Amino acid sequence: MQAEGAPTAMHYAEPETLAEALSALSAEGARCLAGGQSLVAMMNAGLLAPPVLVSLRRVPGLDAVEPREDGGLRLGAMARHFEVARLQPRSGGAEIVVEAARRIGHPAIRNQGTIGGSIAHADPAADYPTAITCAEAVVQVAGPQGARAIPAADFFHGYYETACAPDEIVIGIEVPPGPPGARAHYEKLMIVDGDFAVVSVAVMLAMERGACSFVRLAIGAVAATPLRLADAEAALLGTALDDATLARAGALLAEAADPVDDMRGSAAFRRKLIPRLLRRAVAEARAKAEAAHA
Amino acid sequence: MNAFVDPLGASPARLEARDKLSGSARYLDDLSRPGMLHAAIAQSPHAHARILSCDVSQAAALPGVIAIVTGADIPARRVGGMVKDETMLAVGKVRYMGEPVAAVAARDAETARLAAQLIAVEYEVLPHVLDPEAALAPGAPILHEDQAQYVRTMEGGGSGNLVWQAVLAEGDAEAAFAACDVVVEGIYETPAQYHGYMEPNGVLAEPEANGRVLVIASCQSVHHVQQRVADELGIPMSQVRAQVPKVGGGFGGKHASNIHSICAWLARATGRPVKLALSRTLDMEIQRSRHPARIRLRTGAKRDGTIVARHAEILLDGGAYADESPNVMTFAMLMVRGPYRIPHVRIEGRVAYTNKLRAGSFRGFGNPQASFAGESQIDELAAKLGMDPVELRLKNAVQQGDRWIGGHTLTTCRLSDCLAAVRDAQAAAPKLPAPRHGRRRGIGFASLTHISGLMGTAASVHMRADGTIALNTGCVDIGQGSDTVMTQICASLLQVPIGQVAYAAQDSDLSPYNWKTAGSRSTYMTGRAVVGATEQVREKILDHAAEMMECAKADLELRPGGRVGIAGVPGREVGFREVAMRSLFKSGGPIMGFHGLVYDGERFDPKRALMQRLAFDNLGVYTFGAQCVEAELDEVTGKVEVLRMFSAHDVGRAINPVSCEGQIQGGIVQGLGYALTEELVWDDDGRLANPSFADYKLPGIKDVPRQIVPILFEEPEPTHPVGAKGVGEISMVGTAPAIANAVAQAGGPRLRRIPMTPERVLDALEP
Amino acid sequence: MLDRIALTLSVNGEPREIRVAPMTTLLEALRTELALTGAKRGCNQGVCGACTVLLDGRPVRGCLTLAVAVGEREVTTVEGLAPPGQLGRVQEALEQVGAVQCGFCTPGIVLALEGLLRETPHPDEDALREALSGNLCRCSGYVKILEGARRAVEAAS
């Protein structure tokens with residue numbers, strides 16, 4: 001029984017500069033409002049009642065959706081999912097982020113939701129956290145002490161917890177392209193279309209003469225944060241990505257995972273899915289990489 | 001003038017479609033009243049507990065709170081279906097987590113909710129039981145200690161946590177099994193499904209003149225709501241008036257609801273309108289679900305595929321209150337034999353109380369559970385016999401004129417045609433593209449049976465001064481299209497365009513009695529009433545016209561567009577307007593017709609079958625159909641995807657074929673959700689774990705087949721004056737087993753438990 | 001006490017002044033402050049799509065949008081698609097094919113399709129399904145809704 005829509009003395013601020021936004025955010029319990037697609041749902045469910053809500057919609061400079069010259073992406077925190085989803089990626093890094101954006105929710109959610117909001121919310125079953133972890137994107141954060149850049153690997157701290165302090169604001173995400181020739185694939189099992197993942201797998205890899213010359217894996221919804229495992233990636237590197245090797249990497253990841261039971265599946269099922277989805281995701285990414293070569 | 005098109009069978013657009021499309025149609029939560037208060041519910045935090053005290057002082061002190069009601073304030077009377085075991089607010093005990101214990105009326109919804117949270121209830125927590133087998137085991141905590149004292153409409157054999165038990169048998173099943181060449185046996189489990197009507201339940205109650213209370217409810221029958229509220233409040237039905245706005249889906253989940261009585265109580269107490277439009281979560285926590293079922297089923301056959309015997313033990317989980325459990329259980333028992341000529345059948349049914357949300361009526365009414373078991377097992381039998389599953393069904397299928405278990409005659413039955421039709425349609429359809437790597441394809445079938453009938457209904461037809469027609473029934477359109485169908489029938493018989501028939505909204509003060517929108521009965525039952533009433537009006541029109549035209553009535557005919565002429569004589573005519581004016585101002589009095597009926601078909605035949613404590617003894621006419629599913633199983637994830645479906649139905653005469661198709665397609669998708677994704681889940685404490693659409697998974701457009709092909713067999717039903725039967729529920733019932741059969745046929749596992757989630761499929765595929 | 005904020009929303013082409021608490025969703029504001037009840041509250045969690053409205057022509061969840069955060073963006077509700085007594089192209093098409101059953105999801109379905117057609121006048125079948133993917137319907141099985149969507153596309157061509 002949730003206290004749906006419980007009233008609260010909430011104040012709303014719509015600052016017009018980053019400095020004003022940071023100042024407003026310094027209030028006790030203040031929260032940023034980006035696209036609102038998670039925050040408002042939680043407020044409606046009575047799970048959250050921030051005393052101060054700081055909208056970022058008028059803060060200039062947060063809405064970039066730009067391909068970088070190197071093929072990567074420069075995304076402002078307020079870049080909406082649909083804007084990212086319609087990009088034509090020109091690198092493996094861009095590809096994994098764009099593919100993930102296309103798999104988020106439904107059109108109406110993508111029209112409002114933002115990448116900054118999604119990663120700041122840090123739901124490990126969401127699509128962007130896994131994708132930007134795979135892409136080794138860098139999250140730019142502004143705070144009272146100035147700006148800092150946090151690698152995705154260090155950004156996610158736990159369920160709904162990040163390196164972004166309560167008085168800081170995610171302002172953008174830099175997505176590096178990854179090595180030349182790298183391609184990516186985002187695989188996601190959903191119980192119903194548009195849902196959060198039971199398990200998701202982000203793969204970026206490159207092939208040279210039939211062997212894997214580069215690979216990065218991130219698994220979503222199997223731990224408090226997106227799962228990356230150097231051993232698993234090392235196990236694949238230099239191999240032909242044969243079934244036995246993939247099974248070994250999958251087993252390492254499944255062992256490292258720390259999933260929970262929830263409505264979408266049990267922890268055991270999630271562990272079981274990891275190697276299976278990994279094999280499929282790698283096959284897809286590899287097919288793209290080899291097609292690009294041919 | 002355009003040529004008159006007979007509206008019967010013509011699928012005109014729904015009467016209310018434009019209102020719904022433009023946003024002007026009014027649903028319950030769209031209504032408001034000056035000075036209206038908002039209600040909120042205080043809920044039990046325990047699955048089973050004694051209420052020691054309830055302190056409302058803090059809540060009452062909150063500014064804006066106008067009234068509070070608790071179990072201590074309400075009349076000490078239990079209400080319900082066949083077992084009167086429920087009060088509108090918990091009295092003395094709570095029996096499921098979330099159960100309403102008190103309600104608040106306040107000047108705004110936020111204040112009401114805040115006040116509800118301030119109601120301090122002291123509980124003595126009791127052990128709880130969530131599983132029906134455990135509930136029936138010795139030593140289980142008892143939910144209703146006073147069950148023996150409860151009023152019931154007939155003896156159901158209940159005691160302890162056993163709500164009801166019944167037996168139905170024909171022939172000698174045990175002896176027959178011994179002579180079978182092949183026997184298959186299994187336990188089939190089905191979940192608590194949530195109705196998922198897009199509009200949650202809601203009610204607006206307001207004081208009316210002369211001390212009465214008006215209850216406007218999103219409901220399936222104003223008469224039922226009126227009766228239940230009067231019963232619960234302990235006042236005569238004459239003091240309660242019920243109305244219904246547009247209803248955003250029902251599926252059996254919008255019959256009586258405690259919230260109707262709660263708001264009526266608050267409106268009477270405050271003298272002000274009180275509204276409660278449930279949030280989705282509250283609706284899921286306090287309304288109803290489909291009965292979870294565990295069915296042990298055994299079927300025996302001769303080597304040639306002749307099915308000889310079937311034995312079923314049905315255990316339903318009724319939740320905390322009986323509601324319609326005895327009826328649902330009885331209907332499951334009557335359907336589990338299936339539409340096959342099986343001479344030796346024994347069926348035992350039980351339903352148990354558990355500390356969970358009450359289970360109640362839901363499209364199919366016990367039949368989806370029974371059909372999942374029965375139709376899955378037919379395929380298992382076919383596999384064991386080495387027979388084609390469709391051939392096995394055809395070999396044993398009931399035929400027109402056969403008797404159902406219990407003895408009802410099948411007046412129309414196109415089951416064999418339906419089975420052949422879906423098989424042939426699938427075979428003739430363009431082949432689907434080959435499956436992608438790692439996916440397997442299978443085709444599955446199921447036979448479908450349901451009924452169409454039950455209880456009383458009525459209609460009245462009046463002619464207005466200008467010759468147009470007013471049609472009035474108690475049949476509530478919950479989205480299935482009955483407003484349009486009733487209007488079509490009336491307009492067709494009078495040969496006027498449907499625009500000349502005004503169909504009234506339901507109001508217990510004005511509408512002729514109707515039991516409920518339930519049992520696939522509106523077209524079949526209320527449709528018959530409309531025919532009867534309209535025919536009376538037609539006769540009176542002809543009487544007047546005969547006098548006006550000074551000719552014999554027998555020589556007259558109705559002509560399209562609201563005119564009467566002499567058969568074979570073009571030209572001389574009188575119009576309905578002239579007839580109406582004459583009746584109102586000159587002679588005969590207003591032209592009106594009224595026809596009421598109760599379903600009075602064959603009763604069960606006690607000489608034919610053993611029948612102990614069945615909650616029905618007649619049902620209605622039987623309807624038949626067949627389902628064909630093409631499904632794909634993802635070996636990597638265990639996910640099942642339905643690619644295409646064919647669904648053939650023995651609908652009698654289709655009055656509105658497009659609406660029939662809509663019912664079929666919608667029922668199939670509700671069945672698909674039941675088969676694959678939908679399940680209410682309770683945690684060990686008895687907390688409903690997924691009371692939101694974020695966690696309860698309804699299928700969206702990308703989860704359903706790209707093609708659902710309906711096939712209608714229009715064999716006129718002889719007991720209906722225009723030949724119609726109902727089609728509201730039947731497509732729901734056989735979808736899950738057809739999908740399960742397709743999964744097995746694909747080389748996947750034989751799943752005897754739904755929903756067939758990726759996890760369950762994968763666990764069965766690779767444990 | 002709750003802050004109540006005075007706002008001017010542009011709704012169906014007209015400026016509308018309202019006062020709402022900051023937490024008030026656009027859905028609630030439309031329904032209670034402006035009596036535009038076409039958008040429905042089906043789940044209040046952004047799942048069902050019954051609350052769909054257009055913001056600057058794009059479908060969004062009315063229940064996940066705060067009224068205070070709408071700003072200068074143009075809000076289109078189902079009531080704004082055609083003059084009273086008339087229907088827009090999508091509405092006409094859905095009526096013709098019999099895609100309206102209980103009708104509770106219908107305004108959201110209409111706006112989801114309207115939003116698609118404004119951006120993509122000639123969508124293919126997959127685009128239609130994608131556009132409708134966030135709108136639950138419990139009555140129709142989506143078959144006739146999709147048929148109506150196809151007809152709306154044809155009518156526009």
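Letters A, B, ... are given to chains in the order of the sequence lines, protein chains preceding strands, and every chain is numbered from 1. In this text the structure is predicted, and so the values were computed from the model without any measurement.
- For the atom pair OG of C:S140 and CD1 of B:I701, the computed distance is 8.0 Å after rounding to the nearest 0.5 Å.
- Side chain of B:K20 to backbone of C:C102: a donor-acceptor contact under 3.5 angstrom is found.
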### Query
Please walk me through it: do B:R26 and C:T37 pass side chain to side chain contact (heavy atoms under 4.5 Å, CB included)?
CA-CA 8 Å; B:R26 292 283 173 262; C:T37 55; 2.9 Å; yes
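- By number of non-hydrogen pairs under 4.5 angstrom with chain B, the leading residue of C:G98, C:G103, C:G46, C:A99 is C:G103.
- Between chain C and the options B:G196, B:G249, B:P200, heavy-atom pairs under 4.5 Å are most frequent for B:G196.
- For B:V247, the part sitting under 4.5 Å from any heavy atom of chain C is the backbone (N, CA, C, O) and nothing else.
- Heavy-atom distances place the backbone of C:V97, and not its side chain, under 4.5 Å from chain B.
- Taking 4.5 Å as the heavy-atom cut-off, the residues of residues 666-677 of chain B that approach chain C are B:G666, B:V669, B:Q670, ordered by number.
- Both the backbone and the side chain of C:V100 come within less than 4.5 Å of a heavy atom of chain B.
- For a residue to count as touching a neighbouring chain, one of its non-hydrogen atoms must lie under 4.5 Å from one of that chain's; by this rule B:A694 touches chain C with backbone and side chain alike.
- Contact count against chain B (heavy-atom pairs under 4.5 Å) is highest for C:E95 among C:E125, C:Q45, C:E92, C:E95.
- Under the 4.5 Å side-chain criterion, counting only non-hydrogen atoms from C-beta, B:R18 is in contact with C:L87.
- Residues B:E661 and C:K144 are paired through a salt bridge, judged by an N-O separation under 4.0 Å between the basic side chain and the carboxylate.
- Side chain of B:Q665 to main chain of C:G141: no donor-acceptor pair is present (N/O by atom type, distance under 3.5 Å, no hydrogens or angles).
- Of the two parts of B:L31, neither the backbone nor the side chain holds a non-hydrogen atom closer than 4.5 Å to a non-hydrogen atom of chain C.
- Remark: the backbone N or O of B:D29 is paired with a side-chain donor or acceptor of C:R31 at under 3.5 angstrom.
- Counting heavy atoms from C-beta outward, C:C139 and B:F251 have side chains that approach closer than 4.5 Å.
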### Task
Determine, stepwise, if the pair B:E199 / C:K40 fulfils salt bridge (Lys or Arg N to Asp or Glu O under 4.0 Å).
CA-CA 8 Å; B:E199 179 208 25; C:K40 304 298 182 197; over 6 Å; no
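- Note on B:G662, B:S32, B:S11: by heavy-atom pairs under 4.5 Å with chain C, the leading option is B:G662.
- Checked for salt-bridge contact, B:K702 and C:D126 miss the test: no charged N lies under 4.0 Å from a carboxylate O.
- Ranked by non-hydrogen atom pairs under 4.5 Å with chain C, the options B:S659, B:G23, B:S692, B:S24 are led by B:G23.
- Both the backbone and the side chain of B:R706 come within less than 4.5 Å of a heavy atom in chain C.
- If you tally non-hydrogen atom pairs under 4.5 Å between each of B:S22, B:A277, B:A17, B:A13 and chain C, the highest count goes to B:S22.
- For C:Q96, no part sits under 4.5 Å from any heavy atom of chain B, backbone or side chain.
- Nearest heavy atom pair, residue C:V78 against residue B:L21, reads CG2-O, 3.2 Å.
- Interface remark: of the candidates B:Q663, B:M198, B:E16, B:Q480, B:M198 forms the most heavy-atom pairs closer than 4.5 Å to chain C.
- A heavy-atom distance below 4.5 Å is found between the side chains of C:R138 and B:P699.
- Here the closest heavy-atom approach between residue B:R14 and residue C:Q101 is recorded as NH1-CA, 3.5 Å.
- Other residues, nucleotides and ligands place no more than 12 heavy atoms under 6.0 Å from the CD atom of C:E17.
- Heavy atoms only, all atoms of each residue included: C:L136 and B:F693 are closest at CD1-CD1, 4.2 Å.
- Using a 4.5 Å cut-off between heavy atoms, C:S133 contacts chain B through both its backbone and its side chain.
- Contact annotation for C:L146: only side-chain heavy atoms (C-beta onward) come within less than 4.5 Å of a heavy atom of chain B.
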